[in-house]
Asks: 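So that we are looking at the same thing, I have put the structure below in structure tokens.
All residue numbers refer to positions in the sequence shown, counting from 1. Model, not experiment: these values are computed from the prediction.
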Amino acid sequence: MVGDKARGEMNAFQRNESKETLFAFISAGDDPPKGDFPVQKKSPKLCGSNYPLSIAFIVVNEFCERFSYYGMKAVLTLYFLSFFHWDENLSTAVYHAFSALCYFTPVIGAIMADSWLGKYKTIIYLSIVYVVGHLIKSIGAIPSLGNQAVHVILSMVGLFLIALGTGGIKPCVSAFGGDQFEEKHTSERSKFFSIFYLSINAGSLISTFVTPVLRGDVKCFGEDCYALAFGVPAALMVLALVVFIAGSGLYKKTPPQGNILLEVCKCIGFAIKNRLKNRSRQIPKRDHWLDWASEKYSTQLIGEVKMVTRVLFLFIPLPMFWALFDQQGSRWTLQATKMNADFGIYVLQPDQMQFLNPLLILVFIPIFDLGLYPLINMCKFNFTPIRKMATGMILAGMAFGIAAVVEVKINETDMPRLVPEESLIRVLNLAKNPVQVTIQDQDLFQQPVEAFQNPAEYSKLILNGEQQSLRFTLQHQGLSLAFNYTVKEKSVYSLIVFEAEESLSSRLITDLEAKPENGLAAVRFINGLSQDVNLTIDSKWFIAVQKNYSASEYSLLKRDKYNNGKCITETGEFTLELGLLDFGASYTIVITNVSGGAVKTWKSEDIKANNVHMAWQLPQYILISAGEVMFSITGLAFSYSQVLHLKIRL
């Protein structure tokens, strides 16, 4: 999947899963173990080739494990937001804390594999931990199981075990696959790592598309089915473990060889400690601070550590790039919840947009490798690895610049920000004739409000404290009526004006203060009939509304056309047609009368629907994916080329 030259350079580093763990700690490589060990039997070959049959089990295992990990992670942010009712900032913080833990635990896995268990047993044991974590996470998503504290505890325990499992096996699986090849089959080994990388992206691609569907389109316990969305990845992880164990008799298993990382850390620690002990000016200086470890460690090891520390400067930009990259599952997903996801033939779930990254990676790697880079070389431009990596970071920055522009456009449909001693109000005139509305100490509504006029934007009320009693005067056909209402700061109101007993009356009702979350539509009903009504929407939602212009609470519905509702009154059952309830909109629907076997309604849009299409996220995904190809894969090969001559067993 990368160029032939890059493939040759990347073998050792590709043993790690380059997509998401670039430069993470890798267990010991293919150097023969010290001491006398039984000769490993040769694994049967795959279809008469030089590929060991055992790698088929490893590749399938990796596909299932990546499906499991990315599928669970794709819906994680919305799980925090919708199931736990956490705010966006807390949901994002916990999501990234989990990601950070997943990328720290490879250190533990590498040490376990190299110093204690070996790669095979480490994969088995930590995969069991991984499965247990998935099962606990799935159980924690069952709404009927305990209160929110129980759900949070189970979910956090599950996520911790998942992080330990996925991170622990991360440095072992790809290296274990490399161990299956004989030293003379370097070309086949290189192609194996390309296939291995393909399995990572294939698992990611399929899971990030499928699990959001399981979450959003399948209902269980009366709401989004997070238990199923987490349960299917759990089943895939069980399958991954079973497949890996099934190939046990075919594997070439290398015994633990000692962890070079510990030796490097001990060497650095001893050098620092020894230097601090010998600060006297009478003691001769040494050429390099690591030379202060020469009393205990060999010159060869010190020289190799010196070169590693120089290469480590290359890693400084890595956290910044991956911090941006990982926002796809948090902030970009949250951004997608505030957009229009209707693509005509299909309505995407907001967390499904993440599938674009693995899809674009699979498309971009051959395009860059076989098209873009050769074309640049033909133009005699020296596109060095450092320049490629710098370009990748620039592309990532541009992606977030575009994301910021998209966010600004999205926010244009938001409700105005509420501040102390201010509130918002509008008028719904449900009478038959225009009404002039005057509010005490306020200069609003200069023109009469027409009957059933679509209300304009909310108007701002200036209060003299946290709350204030205001006098509302209604002028209608020569009559002037006054009503007193208490208005609280940082609230949103609708003044309903209607006819009652050949005169005018009014109600002040509270509206939503912000757009509905997760792309849902909010709807409430005002019953203008002289009898109570019971409403059924889509055979699932049942709403009772009292007579004489009483208002129901808001109900949250998925975006759809609702034309098969029912309205039951004392006189019979009637058809209720609501039309399209769009993404992120809030509606007030007034039941005006009944005629011809159907209910007549008037629909007002309180909060505008999401009018920025989700397709506008495509440019930012294209840029971040192109940046990943240039930064990640290029950095992988370049790092290896810098330490190729070292004998550090990475």
Asks: Taking the six-membered ring for Trp and the single ring otherwise, decide whether the centroids of Y79 and W86 are under 6.0 Å apart.
Replies: no

Asks: Take S552 and R524 through the side-chain hydrogen bond (donor to acceptor under 3.5 Å, both in side chains) test and state the conclusion after the steps.
Replies: CA-CA 6 Å; S552 70; R524 68 176 173 188; over 6 Å; no

Asks: Please list, one pair per line, the donor and acceptor atoms closer than 3.5 Å that link side chains of residues 467-474 to other protein atoms, with sequence neighbours excluded.
Replies:
from: Q468; atom 1: OE1; to: N464; atom 2: N; distance (Å): 3.0

Asks: Would you kindly say whether Y485 and S506 are connected by a side-chain donor-acceptor distance under 3.5 Å?
Replies: yes

Asks: Determine all donor-acceptor pairs shorter than 3.5 Å in which one atom belongs to a side chain in residues 131-138; sequence neighbours excluded.
Replies:
from: H134; atom 1: NE2; to: S68; atom 2: OG; distance (Å): 2.5
from: S138; atom 1: OG; to: H134; atom 2: O; distance (Å): 2.9
from: S138; atom 1: OG; to: F230; atom 2: O; distance (Å): 3.1
from: S138; atom 1: OG; to: G231; atom 2: N; distance (Å): 3.4

Asks: Can you tell me if N201 uses its side chain to pair, donor with acceptor, with the backbone of L205 under 3.5 Å?
Replies: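 Such a contact is absent between N201 side chain and L205 backbone.
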
Asks: Ring centroids only, cut at 6.0 angstrom: are H85 and F80 within range, meaning strictly under it?
Replies: no

Asks: Can you name the residues that form a side-chain hydrogen bond (donor to acceptor under 3.5 Å, both in side chains) with Y95, not counting sequence neighbours?
Replies: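 Here no residue qualifies.
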
Asks: Check whether any side-chain heavy atom of I162 sits under 4.5 Å from a side-chain heavy atom of K73, and report yes or no.
Replies: no

Asks: Could you check whether Y130 and E65, counting side-chain N and O atoms only, form a donor-acceptor pair closer than 3.5 Å?
Replies: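 Result is yes, a qualifying pair exists.
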
Asks: Should the pair F400 and W332 be assigned to parallel (<30°), tilted (30 to 60°) or perpendicular (>60°) ring geometry?
Replies: tilted

Asks: Between the side chains of T333 and D351, is a donor N or O closer than 3.5 angstrom to an acceptor N or O?
Replies: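 No donor-acceptor contact under 3.5 Å links the two side chains.
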
